[in-house]
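First the proteins, then the strands, lettered A, B, ... as listed; each starts at 1.
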Amino acid sequence: MPQDMPPTGGYAPVQYRRNLPARGFRPAVYVLATFGIMTYGFYRAGQGIREHNELAREKMWARIHLIPALQAEEDRDQVRRYLADRAREKELLGTETKVYNSDRFVRPTFAVTPEHVTK
Amino acid sequence: MSARQPRFTSQVLIDTTPLPDDIPKVQELGASSAPLLSASFFIGARCKAYNDDYMMCKTEANGRGEFECMKEGRKVTRCAASVIRDINEHCLAEFRSHWQCLENHNQQLWNCRPAERQLNKCVFDKLKLEKVIPDTPKGEEPVHLRKRQIFQSS
């Protein structure tokens, strides 16, 4: 019984690869575009950070210019209360007791409740 | 430094005894935060000497600055009040539009540049006070003079 043999000249090649057109650009173009976008983004972010620093400096200096005026007002108020306390103590007890062993100004922890409601 | 004022829920209880008569009286500033912020760089421009004097006095008073620097403190308050009074006299409309803008924009200076530009121009023309931000990096436009800024909400 004769055996089947390959046809003369061999079999036709099997097509294992699809023959589709490549879509879009070369991959390197996409890589470069990504890097480009990222570089621009970082550049803008850096600019934003610098501007933010400048805005923070502006805000800080606005406050620095105001601090002496605010502090002066607060200190006057503290001295007023302190002297009023001293006068009240003198009137009630007849003495001026030194509470702290120091000359420094100490913000009082407790305040006397005034007799009449202020407002 | 500043601390919290005591707050009562039912009534206001503040000791209102005035200062004794041997301490000269001075009218307090009486401006709220937005007008003060709006005028801060002009206060700094005119009152720098008084401010520095006061802060130095406080530093060197060794904890007794509250009593010993009252004179310097009065000068500081008078100077700041004079700036606010002058701005009110000469640039009231611009001043108002700027601090109301600050009030409406979370007190962010960068949100109110158009109003600020007008105020700065008016104050510079009439009072010769210029807004300068110290320590701006060399070769960079000061942030309040830039035409385009990255941070802007409107």
- Item | Contacting moiety of B:Ile133, where chain A heavy atoms sit under 4.5 Å | side chain
- Would you find more than 12 non-hydrogen atoms of other residues, nucleotides or ligands less than 6.0 Å from A:Asn19 atom CG? no
- Task: State yes or no: do B:Leu129 and B:Phe124 share one hydrophobic cluster built from I, L, V, M, F, W and Y residues joined by side-chain heavy-atom distances below 4.5 Å, directly or via other members?
- Result: no
- Note on the structure: Of B:Gln108, B:Arg64, B:Lys48, the largest count of non-hydrogen pairs under 4.5 angstrom with chain A goes to B:Arg64
- Quick one: do B:Phe95 and B:Leu102 end up in the same hydrophobic cluster if we chain Ile, Leu, Val, Met, Phe, Trp and Tyr together by side-chain heavy atoms under 4.5 Å apart? no
- More than 12 foreign heavy atoms under 6.0 Å from NZ of B:Lys25: is that the case here? yes
- Below 4.5 Å from any heavy atom of chain A, which atoms of B:Pro18 appear? Answer side chain, backbone, both or neither. backbone
- Item | B:Gln27 atom CD, over 12 foreign heavy atoms within 6.0 Å | no
- Name the option with the most non-hydrogen atom pairs under 4.5 Å to chain B; the candidates are A:Ala69, A:Ala62, A:Ala84. A:Ala62
- Query: Taking it one step at a time, do A:Glu51 and B:Arg148 satisfy salt bridge (Lys or Arg N to Asp or Glu O under 4.0 Å)?
  - Reply: CA-CA 11 Å; A:Glu51 184 173 309; B:Arg148 294 171 53 81; over 6 Å; no
- Note on the structure: Bottom line for B:Tyr54: the part with an atom under 4.5 Å from chain A's heavy atoms is side chain
- Which value, rounded to the nearest 0.5 Å, describes the distance between A:Leu70 atom CG and B:Leu29 atom CG? 7.5 Å
- Between B:Met70 and B:Val26, is there a shared hydrophobic cluster once you connect ILVMFWY residues whose side-chain heavy atoms come closer than 4.5 Å? no
- Query: Going from CD on B:Glu72 to CG on A:Asp75, what distance comes out if it is rounded to the nearest 0.5 angstrom?
  - Reply: 11.5 Å
- What residues of residues 76-85 of chain B sit under 4.5 Å from chain A when only non-hydrogen atoms are counted? B:Val76, B:Thr77, B:Ala80
- Find out whether B:Pro134 and A:Met60 are in side-chain contact, i.e. whether some heavy atom of one side chain is under 4.5 Å from a heavy atom of the other. no
- Message: Out of A:Lys59, A:His52, A:Arg76, A:Glu54, return the one with the most heavy atom pairs under 4.5 angstrom to chain B.
- Response: A:Arg76
- Task: Ignoring hydrogens and angles, tell me if any N or O in the side chain of A:Arg63 forms a donor-acceptor pair with the backbone of B:Ser40 under 3.5 Å.
- Result: no
- For chain B, the option from A:Arg88, A:Glu58, A:Glu73 that forms the most heavy-atom pairs under 4.5 Å: A:Glu58
- Task: Measure the spacing between CG of B:Asp15 and CG of A:Asp85 and express it to the nearest 0.5 Å.
- Result: 6.5 Å
- Message: What part of B:Pro20 gets within 4.5 angstrom of chain A, counting heavy atoms only: side chain, backbone, both, or neither?
- Response: side chain
- Query: Top residue by heavy-atom pair count (under 4.5 Å) with chain B, among A:Ser102, A:Ala87, A:Gly48?
  - Reply: A:Gly48
- Message: Would a single hydrophobic cluster contain both B:Val143 and A:Ile64, if residues Ile, Leu, Val, Met, Phe, Trp and Tyr are joined by side-chain heavy-atom contacts under 4.5 Å?
- Response: yes
- State, with a plain yes or no, whether a side-chain heavy atom of B:Val132 is found less than 4.5 Å away from one of A:Trp61. no
- Of the listed B:Ile23, B:Leu109, B:Asp52, the one with the largest count of heavy-atom pairs under 4.5 Å with chain A is B:Leu109
- Item | Best-contacting candidate, B:Thr136, B:Leu37, B:Ile150, B:Asn62, against chain A by heavy atom pairs under 4.5 angstrom | B:Ile150
- Query: In Å, rounded to the nearest 0.5 Å, how long is the span from OG1 of B:Thr16 to CZ of A:Arg81?
  - Reply: 9.5 Å
- Query: Are B:Leu127 and A:Leu66 joined in one hydrophobic group, where the rule is that I, L, V, M, F, W and Y side chains link up if heavy atoms are under 4.5 Å apart?
  - Reply: yes
- For the residue pair B:Phe41 and A:His65, does the interplanar ring angle fall in the parallel (under 30°), tilted (30 to 60°) or perpendicular (over 60°) class? perpendicular
- Message: Is B:Gln149 in contact with chain A via its backbone, its side chain, both, or neither, using a 4.5 Å heavy-atom distance?
- Response: both
- Around atom CG of B:Asp21, are there more than 12 heavy atoms of other residues, nucleotides or ligands at under 6.0 Å? no
- Out of B:Arg74, B:Gln107, B:Lys58, which one racks up the most heavy-atom pairs below 4.5 Å with chain A? B:Lys58
- Message: When you compare the side chain of A:Pro68 with that of B:Tyr50, does any pair of heavy atoms fall below 4.5 Å?
- Response: no
- Identify which of B:Pro142, B:Ala61, B:Gly73 forms the greatest number of heavy-atom pairs closer than 4.5 Å to chain A. B:Gly73
